[in-house]
Engineer: 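Supplied in structure tokens, the structure appears directly below.
For clarity, every value in this text was computed on a predicted model and none was experimentally measured.
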Amino acid sequence: MTISAFAAGTYRFDRQSASLVGMKNQLDGLARQLSTGRTAETYGGLGVARTTSLSAHAAISAQDGYLTAITSAETRVKLTSASLTQLKSLSDSTRSNLSGNVASRNEKLPATTVQLAANNLSAAVDALNQQAGGVYVFSGRATDTVPVVSQQAIMNGIPAEGLDGLKALIAEQKKADLGPSGNGRLIQGLGTRTVSLSEDTNPEARANFGFTLMAASSSNSASLGVDFIAGTKPDVSLSFAQQPADGAQVRVVLQLADGSQKTLDLTARTGEAGNAAGAFSIGNTAAETAANLKRALGGADIASVQSANPPGVTATFANGRAASTSFSVGNGVASGDTITLKLGLHDGTTKTITLTASETADSTSTTTFAIGATPDDTTANLSRTLQNALTAAANTDLSASSTARAALNFFEGSPVAGLSPRRVAADGNGFAETASAKTVIWYKGDTAADPRATATVQAGTSRTVEIGAQANEEAIRRTLAGIAAMAAESFTSTTGTVDTARFEAVSSRAANLLTPSEDEQSLEQLGTDFGLAASSMANAKSVANTTKATLEASLDGVDTVSTEEVAAKLLSLQTQLQASYKVTSILSEMSLVNYLR
């Protein structure tokens with residue numbers, strides 16, 4: 001251990017030196033604070049305030065993260081809302097044009113309407129393929145996938161890949177609905193003073209195609225007798241070629257009470273998950289699984305089924321009775337006597353045919369039959385007019401129904417295995433049960449059950465906002481189906497003749513697709529979802545900014561310093577230091593000789 005030398009006056013000079021060094025350090029510290037505005041350069045330099053600083057900075061960083069996420073999401077939500085607004089505008093434009101053209105009965109307008117619908121469909125595809133920051137907003141979680149194929153592919157398919165488009169499905173549906181006789185698959189017979197009419201003998205065909213006989217009546221039952229026999233529902237059994245794997249999906253189309261159809265997609269699940277809505281339980285055997293599927297449908301009437309193969313779902317139709325009616329012609333048929341036939345279509349609409357007896361009638365008439373010289377002649381005339389009326393109805397109302405149903409079926413198509421659009425079976429008596437691989441799948445994005453949940457924004461510590469969207473949502477599908485139904489049709493023959501009756505029938509059904517009912521999702525509801533999301537994010541943004549400002553204010557005096565206060569301290573310290581230097585300099589020069597002088 002070394003002991004420093006000690007002499008008289010050493011302690012005083014050491015104290016003075018230490019004081020000067022301390023003041024110099026304080027001066028340097030104040031100068032640094034003045035230039036940086038910070039209390040210290042390290043958290044350790046803050047002393048006991050470092051805990052407060054660390055906590056506040058972490059909270060501020062979190063708020064910055066929320067604000068960054070919200071700002072990015074706001075752009076996406078605005079673009080999604082703008083696309084939905086565009087879709088609504090296109091839907092309204094198409095519907096308004098349909099109503100105006102039907103009312104005007106201008107033969108030049110059908111072609112214009114078809115062209116407008118085609119243009120609107122193309123614009124709708126563009127709206128659904130919008131991007132925000134490289135993200136396709138209507139693809140759900142598949143953000144790098146273009147959600148909708150081109151308008152050309154939708155209409156005409158992709159021939160190079162062997163894929164059919166909507167026009168092919170419409171032609172297929174029309175052929176199946178019209179039947180071999182072109183009268184809506186009805187069987188008409190002519191007997192002695194009797195005209196008979198019955199539905200298709202195939203129960204599966206009756207469930208899916210053509211007209212159904214609903215009622216028949218006569219204004220003069222004594223001379224024009226009517227015998228109507230209502231049909232009965234067939235028995236439908238389900239089976240699987242193989243046990244479905246967990247997650248396999250099956251498409252079932254149900255026949256509703258009003259004659260229309262509804263599509264359900266159900267998922268095979270193991271355990272308790274099979275009891276959830278939209279699911280059915282996988283049993284110990286394929287037969288047990290099929291029974292579980294039917295139980296999940298709640299006894300609803302089945303029109304068709306479809307799946308991938310495997311599992312290969314099959315529906316077998318048996319029994320049931322086809323509805324039938326007969327008209328008997330006797331003596332005394334008078335001019336003005338009528339028979340009325342009510343027909344049902346598989347879109348839930350009805351068609352009423354009224355045939356009136358007259359002294360004379362054109363052989364091509366669809367409304368009037370001539371009273372012949374004998375009851376047999378009158379019967380033949382009635383049969384011919386009935387055939388004319390059924391053919392005309394099949395080529396207008398039924399054809400329009402085929403177009404609308406095929407369009408809705410096409411846009412229900414999904415990229416999920418087994419859920420492609422339904423195709424007519426090879427025998428023409430039902431829909432194919434194995435999903436076709438020869439149809440364009442118009443939507444390529446995600447297929448989540450909850451589209452909103454496919455994209456979320458963390459807008460606060462425990463606050464998330466759902467902003468996901470998918471182009472295959474019900475309201476969008478129906479809008480595209482309504483516009484495409486018109487765009488796919490042609491109402492002008494090669495000779496320039498315009499089929500105004502069919503145009504009006506298709507227009508009516510397209511307008512129905514573009515007008516959602518109370519229990520159907522609408523574009524307005526989708527817009528409301530994103531309006532609420534935008535409002536929620538705006539509120540969260542305001543909270544985050546306020547919280548950040550409060551936290552930053554709490555750091556005043558902890559992390560940061562008042563430049564005015566530091567400057568004042570700095571000037572004061574400089575004055576003290578200069579004075580100290582001066583005194584020290586004077587004292588260092590003093591000696592006894594100088595004092596004696």
Engineer: Begin with the C-alpha distance, continue with both residues' side-chain angles, and end with the deciding distance and a verdict on side chain to side chain contact (heavy atoms under 4.5 Å, CB included) for Ser281 and Glu288.
Structural biologist: CA-CA 9 Å; Ser281 296; Glu288 186 178 332; over 6 Å; no
Engineer: Can you name the side-chain contact (heavy atoms from CB on, under 4.5 Å) partners of Ala315, sequence neighbours left out?
Structural biologist: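 Per chain and number, Ala315 pairs via side-chain contact (heavy atoms from CB on, under 4.5 Å) with Val236, Leu238, Val305, Phe317, Glu433.
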Engineer: Counting C-beta onward and ignoring hydrogens, is there a side-chain heavy-atom pair between Leu186 and Leu213 closer than 4.5 Å?
Structural biologist: yes
Engineer: Working note: Arg95 + Asp92, criterion salt bridge (charged side-chain N to carboxylate O under 4.0 Å, His left out); need CA distance, chi angles, decisive distance, verdict.
Structural biologist: CA-CA 5 Å; Arg95 186 170 60 245; Asp92 291 344; 2.7 Å; yes
Engineer: Parallel, tilted or perpendicular: which describes the rings of Phe503 and Phe491, with under 30° parallel and over 60° perpendicular?
Structural biologist: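 Phe503 and Phe491: perpendicular rings.
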Engineer: A side-chain contact here means heavy atoms from C-beta on lying under 4.5 Å apart; do Gln261 and Ser304 qualify?
Structural biologist: no
Engineer: Using only atom types and a distance under 3.5 Å, with no angle test, would you say the side chain of Asp246 pairs donor to acceptor with the backbone of Thr270?
Structural biologist: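 Side chain of Asp246 to backbone of Thr270: a pair is present.
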Engineer: Quick one: pull up CG in Leu523 and CG in Leu84 and give me the separation to the nearest 0.5 Å.
Structural biologist: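 Those atoms lie 6.5 Å apart.
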Engineer: If you round to the nearest 0.5 Å, how far is CG of Leu266 from OG of Ser307?
Structural biologist: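 Rounded to the nearest 0.5 Å, the OG-CG separation comes to 12.0 Å.
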Engineer: Indicate yes or no: at least one non-hydrogen side-chain atom of Trp442 is less than 4.5 angstrom from one of Val148.
Structural biologist: yes
Engineer: Given side-chain hydrogen bond (donor to acceptor under 3.5 Å, both in side chains), test Asn472 with Gln470 step by step and report yes or no.
Structural biologist: CA-CA 5 Å; Asn472 68 337; Gln470 294 176 181; 2.9 Å; yes
Engineer: Would you name the heavy atoms of Phe411 and Ala484 that are closest together and state the gap between them?
Structural biologist: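 Looking at all heavy atoms of both residues, the shortest contact is CE1-CB, 3.7 Å.
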Engineer: Side chains of Phe209 and Asn429: does their closest heavy-atom pair fall under 4.5 Å?
Structural biologist: no
Engineer: Side chains of Leu67 and Lys541: closer than 4.5 Å at any heavy-atom pair?
Structural biologist: yes
Engineer: Check Gly179 against Arg185 and note the closest heavy-atom contact, atom names and distance.
Structural biologist: CA-CG, 3.6 Å
Engineer: If we check side-chain contact (heavy atoms from CB on, under 4.5 Å) with Leu87, which of these qualifies: Ile476, Asn120, Ile483?
Structural biologist: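 Of all the options given, the one that passes is Ile476.
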Engineer: Minimum heavy-atom separation for Val77 to Ile467, with atom names?
Structural biologist: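 Taking Val77 first and Ile467 second, the nearest heavy atoms are CG2-CG2, 3.5 Å.
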Engineer: Test salt bridge (charged side-chain N to carboxylate O under 4.0 Å, His left out) on Asp347 and Arg405 and set out the steps.
Structural biologist: CA-CA 7 Å; Asp347 60 2; Arg405 290 176 63 204; over 6 Å; no
Engineer: Test your reading of the model: is there a side-chain donor-acceptor pair from Thr94 to the backbone of Leu90, 3.5 Å cut-off?
Structural biologist: yes
Engineer: Run Glu204 and Asn208 through side-chain hydrogen bond (donor to acceptor under 3.5 Å, both in side chains) and show every step you take.
Structural biologist: CA-CA 7 Å; Glu204 185 176 4; Asn208 291 286; 4.9 Å; no
Engineer: Residues in side chain to side chain donor-acceptor pair (under 3.5 Å) with Ser462, at least two apart?
Structural biologist: none
Engineer: Looking only at non-hydrogen atoms, find the nearest pair between Phe211 and Asn183 and report the distance.
Structural biologist: CD1-O, 3.5 Å
Engineer: Would Arg422 pass as a cation-pi partner of Phe431, given that its NZ or CZ must be under 6.0 Å from the six-membered ring centre and within 45 degrees of the axis?
Structural biologist: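 Yes, Arg422 and Phe431 form such a contact.
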Engineer: So how far is it from Asn156 CG to Lys167 NZ, rounded to the nearest 0.5 Å?
Structural biologist: 4.5 Å
Engineer: Side chains of Leu343 and Leu390: closer than 4.5 Å at any heavy-atom pair?
Structural biologist: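 Counting from C-beta outward, Leu343 and Leu390 do come under 4.5 Å.
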Engineer: Scan side-chain atoms only and decide if Asn409 and Glu412 contain a donor-acceptor pair under the 3.5 Å cut-off.
Structural biologist: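 No, no side-chain donor-acceptor pair sits under 3.5 Å.
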Engineer: Heavy-atom distance under 4.5 Å between the side chains of Lys351 and Leu341, does that happen here?
Structural biologist: no
Engineer: Set out, in order, the CA-CA distance, both residues' side-chain angles and the distance that settles salt bridge (charged side-chain N to carboxylate O under 4.0 Å, His left out) for Glu473 and Arg478, then state yes or no.
Structural biologist: CA-CA 9 Å; Glu473 296 185 49; Arg478 292 185 67 87; over 6 Å; no
Engineer: Has Ser89 got a side-chain atom pairing as donor or acceptor with Thr85's backbone, closer than 3.5 angstrom?
Structural biologist: no
Engineer: Mind running side-chain hydrogen bond (donor to acceptor under 3.5 Å, both in side chains) on Thr113 and Asn97 for me, showing each step along the way?
Structural biologist: CA-CA 7 Å; Thr113 300; Asn97 186 262; 3.0 Å; yes
Engineer: Is there a salt bridge (charged side-chain N to carboxylate O under 4.0 Å, His left out) between Arg206 and Asp200? Walk through the geometry before answering.
Structural biologist: CA-CA 6 Å; Arg206 292 199 302 273; Asp200 197 300; 5.9 Å; no
Engineer: Could you check Asp265, Thr267, Thr447 and say which one makes a side chain to side chain donor-acceptor pair (under 3.5 Å) with Gln249?
Structural biologist: Thr267
Engineer: Return yes if some donor-acceptor pair links the side-chain N/O of Arg502 with the main-chain N/O of Ser490 below 3.5 Å, else return no.
Structural biologist: yes
Engineer: Any chance the side chains of Arg423 and Thr439 put a donor and an acceptor closer than 3.5 Å?
Structural biologist: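 Thr439 and Arg423 do have a side-chain donor-acceptor pair below 3.5 Å.
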Engineer: So do the side chains of Leu345 and Leu398 get within less than 4.5 Å of each other, counting heavy atoms only?
Structural biologist: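 Heavy-atom side-chain distance check passes, below 4.5 Å.
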Engineer: Distance from Leu169 atom CG to Thr403 atom OG1, nearest 0.5 Å?
Structural biologist: 11.5 Å
Engineer: In Å and rounded to the nearest 0.5 Å, what is the CD1 to CG distance from Ile170 to Asp177?
Structural biologist: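 The CG atom of Asp177 is 12.0 Å from CD1 of Ile170, to the nearest 0.5 Å.
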Engineer: Give the minimum heavy-atom separation between Asn319 and Pro234, together with the two atoms involved.
Structural biologist: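 Of all heavy-atom pairs spanning Asn319 and Pro234, the closest is O-CB, 3.8 Å.
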Engineer: Which heavy atom in Thr80 sits nearest to a heavy atom in Ala469, and how many Å separate them?
Structural biologist: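 For Thr80 versus Ala469, the nearest heavy atoms are CG2-CB, 4.2 Å.
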Engineer: State whether the side chain of Gln306 and the backbone N or O of Ser420 hold a donor-acceptor pair below 3.5 Å, judged by distance alone.
Structural biologist: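 The answer is yes, because a donor-acceptor pair under 3.5 Å joins these two groups.
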Engineer: Using distance alone, with no hydrogens and no angle criterion, decide if Arg509 and Asn512 have a side-chain donor and acceptor under 3.5 Å apart.
Structural biologist: no
Engineer: When you measure from the side chain of Glu520 to the backbone N and O of Ser517, does any donor-acceptor pair fall under 3.5 Å?
Structural biologist: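 Looks like yes, one N/O pair under 3.5 Å.
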Engineer: I'd like to know whether Thr464 forms a side-chain hydrogen bond (donor to acceptor under 3.5 Å, both in side chains) with Gln458, so could you lay out the CA-CA distance, the side-chain angles of the two residues, the decisive distance to 0.1 Å, and finally the verdict.
Structural biologist: CA-CA 5 Å; Thr464 58; Gln458 192 70 35; 5.6 Å; no
Engineer: Evaluate the criterion side chain to side chain contact (heavy atoms under 4.5 Å, CB included) for residue pair His346 and Gln255; output intermediate values, then yes/no.
Structural biologist: CA-CA 8 Å; His346 291 288; Gln255 194 80 32; 3.3 Å; yes
Engineer: Any chance you could lay out the side chain to side chain contact (heavy atoms under 4.5 Å, CB included) test for Arg463 and Ser536, step after step, and finish with the verdict?
Structural biologist: CA-CA 10 Å; Arg463 185 175 190 174; Ser536 181; 3.5 Å; yes
Engineer: Please walk me through it: do Ile187 and Leu197 pass side chain to side chain contact (heavy atoms under 4.5 Å, CB included)?
Structural biologist: CA-CA 6 Å; Ile187 302 170; Leu197 196 65; over 6 Å; no
Engineer: Report the distance from atom OG of Ser96 to atom CG of Leu514, rounding to the nearest 0.5 Å.
Structural biologist: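 It is 11.5 Å, given to the nearest 0.5 Å.
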Engineer: Distance alone, cut at 3.5 Å: any donor-acceptor contact between the side chains of Gln115 and Asn119?
Structural biologist: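 Side-chain D/A pair, Gln115 to Asn119: present.
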